[in-house]
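Chain A is the first sequence line, chain B the second, and so forth, proteins listed ahead of strands; every chain is numbered from 1. These numbers were taken from a predicted model, which means no experiment stands behind them. Just so it is clear, the values below take in all heavy atoms, side chains as well, and ignore hydrogens, waters and symmetry mates.
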Amino acid sequence: MNASTETKDWYAGRFARFEEGLNGASQSPLHALRRAGFAAFAAKGFPTTAEEEWRFTNVSPIAATQFQPAFDCEESGVTEPDLRPWSLGRTGGIVLVLINGHFSGGLSSIPASLPGVSVGSLAAALARDPALAERYLASARGGGDTFTALNTAFLVDGAFVRVDDGVTLQEPVHILSLASTGGTPLLVQPRHLVIAGKGARLSVVETYGGRGPGVYLTNAVTEIFVGEGGGVEHDTLQMENLNSYHVGTTLISLKGKASFTSNAINLGGALVRNNVSALFQGEHAECTLNGLSVATGTQLVDNHTVIDHASPRCESHELYKAVLDGSARGVFNGKIFVRQDAQKTDAKQTNKTLLLSDEATIDTKPQLEIFADDVKCTHGATVGQLDEEQVFYLRARGIGATEARDLLTFAFATDVINRVHVDALREKLDVLLHTRLRQGRVNLEV
Amino acid sequence: MSLLEVRNLHAGVQGNAILEGINLSVGKGEIHAIMGPNGSGKSTLAGVLAGREAYVVTEGEVLYQGKDLLGLSPEERAREGLFLAFQYPVEIPGVTNMYFLKAALNAIRKHRGIEELDAMEFIALVKEKMKVIDFDQSLLNRPVNEGFSGGEKKRNEIFQMAVLDPTLAILDETDSGLDIDALRIVAEGVNRLRSPENAVVVVTHYQRLLNYIVPDFVHVLIDGRIVKSGGKELALVLEEKGYDWIREESGDVPADAHAAGSK
């Protein structure tokens, strides 16, 4: 029996146990979705580096570990101070806390009256309105990769955010996802659903982390639907513990004149893979994907983005940056499809990496597939060290060599941070980066 | 004792000798102009004094305020009051002029045991110094030199000089790329910063800047050596007759292309 079969058998066993626990609910449309998810996962298995999409990212450490799906919210023993490293340092506001992927009412904070806004647990939302599953969650069926399929197979809970037509939600929605592990490697699979109605506006911040040094895999899926003329900012701060794995999939659908911005900040995790996939479903929509990865040691951070210009006259911008030290590895793969009738598409992609050590590496690959003829598509990638002429200029004004290097490194990174419009998050990131980028190195928090 | 004492300085880059025995003495309150044709070693001299690591000093010594300058790092030189106005000011995206200057000034103050300035005190100082060089306030909050015009970059150099208040300023071809109005503004700024306690070394190819910054001494640098020194009138002679006559006078044969091409 090879490793792959062993893994599938393990998860088949978990899935059977999961189904037993569902009782009557196993006949629901939601469960049909889960079954399809498990079938897709079982058929595909974990990817290998022989697959083009996974060429630079070897997930065999994930495949070789028997992760126990977390079926419950293990909130016992988790107190507010445990959440602090991932909180936005402000009281009040909207905070949806997920422990091991399950909503914790006790730790969450939801204002009593939010007209035109529904926020809370996805499980509760699905119980109230089972049609949500078919209408929204089904969009990943068949189309998702192995990890999305695995998430769907065990789909129970996560965050739910809906803002009605024409409503602007001023408060950002903070989704705080915490893994709380014992000795057993844990599979944490939150599923988030964000729906912005026509002309609705909101910001969502996802933060990820783990309590204690235990090993876990966060396999999160976020689906975001932006209605006509709506606007969504989606920021992610991934700070998993350094023994753990993170696979984050974000699927975005944009109607006409909608706008979407994501800022994906990755600071933690041993092996991290983010898949961000945006689909234009109407004209004159705009999508901006930004990312910053700061890594050292043996961390691997892989960002795969897909922007599908399936409609004409849409605009997309991408800026992904990385600061890599030690033996850290970065991967960036930016796919842009411009469909045949997507004329007047304007797409720009930039990937910049700063390598602070000789051992750090980045594999960067733009992938533009253009089938329309009247389009503007540009891409560029730079990889390098700090510019010595800049360092000398600062030193020639009295700034010390190390301080000069830190200043330039911080400036490189903060370019992405400055694009975050959620003040509390931007301020937190500012402090985090100042702590991490010191003495010419990437420092892990002590 | 002079402020700067360069003795028999030999320096080069990657095994190529560029400076071949420079002797120069700069006293407080003085303005010195170093002139010479392209490739004579003017910028190398400025770079060696500021501490560019690409240059290797093979012989000689430089004393600044009686101390061994060459043993100091670039930042130590700056903290001791040496300032190089760059020929090509560097763009630094992501770092605002304000932040940069405050970090620089406070590094210098800390080194001298003076209390560092807080944000309010710094802004007050900056506002005062902006008047000296007619510096546009909007440039303060922009990243250092990013998207600045050639004139704005050079003006920014002089503005930095005004804020950092150096004891010895070396202006490396500050006139290059400037139109006459910008040249005048930059020169006026330098003149206002003059004092009996500081000194300026102006490195230039042309005499024109020296109409505005009037030097006490003019030195002609050719092929890595100062071959002639004189008063401000020497600059006018150079403007009129070029450099060839000096080569002949000093025994050099004007054989190479750039010498033959100069007027």
Check for a donor-acceptor pair, side chain of B:Glu80 on one end and backbone N or O of B:Arg77 on the other, with a separation under 3.5 Å.
no
Partner of A:Arg426 by side-chain contact (heavy atoms from CB on, under 4.5 Å), out of A:Leu88, A:Val420, A:Thr414:
A:Val420
Given that the side chain runs from C-beta out, which part of A:Ala401 has a heavy atom under 4.5 Å from chain B: side chain, backbone, both or neither?
both
How about A:Asn303 and A:Asn333: does a side-chain donor come under 3.5 Å of a side-chain acceptor?
no
What class does the angle between the rings of B:Phe159 and B:Phe135 fall in, given that below 30° is parallel, 30 to 60° is tilted and above 60° is perpendicular?
parallel
With a 4.5 Å cut-off on heavy-atom pairs, point out which of B:Glu53, B:Glu75, B:Arg52 contacts chain A the most.
B:Glu75
Contacting region of B:Leu164 [heavy-atom separation from chain A under 4.5 Å]
side chain
So which part of A:Leu394 gets closer than 4.5 Å to some heavy atom of chain B, the side chain, the backbone, both or neither?
both
Under 4.5 Å from a heavy atom of chain A, the part of B:Gln160 involved
side chain
With a 4.5 angstrom heavy-atom cut-off, which part of B:Glu91 approaches chain A: side chain, backbone, both or neither?
backbone
Can you confirm whether or not the ring centre of A:Tyr393 sits under 6.0 Å from the ring centre of B:Phe100?
yes
Side chain, backbone, both or neither: which part of B:Pro143 has a heavy atom under 4.5 Å from chain A?
neither
Let's test your reading of the structure: which of B:Leu84, B:Val144, B:Ile108, B:Leu101 forms the most heavy-atom pairs below 4.5 Å with chain A?
B:Leu84
Under 6.0 Å between ring centres: does that hold for B:Phe86 and A:Phe392?
yes
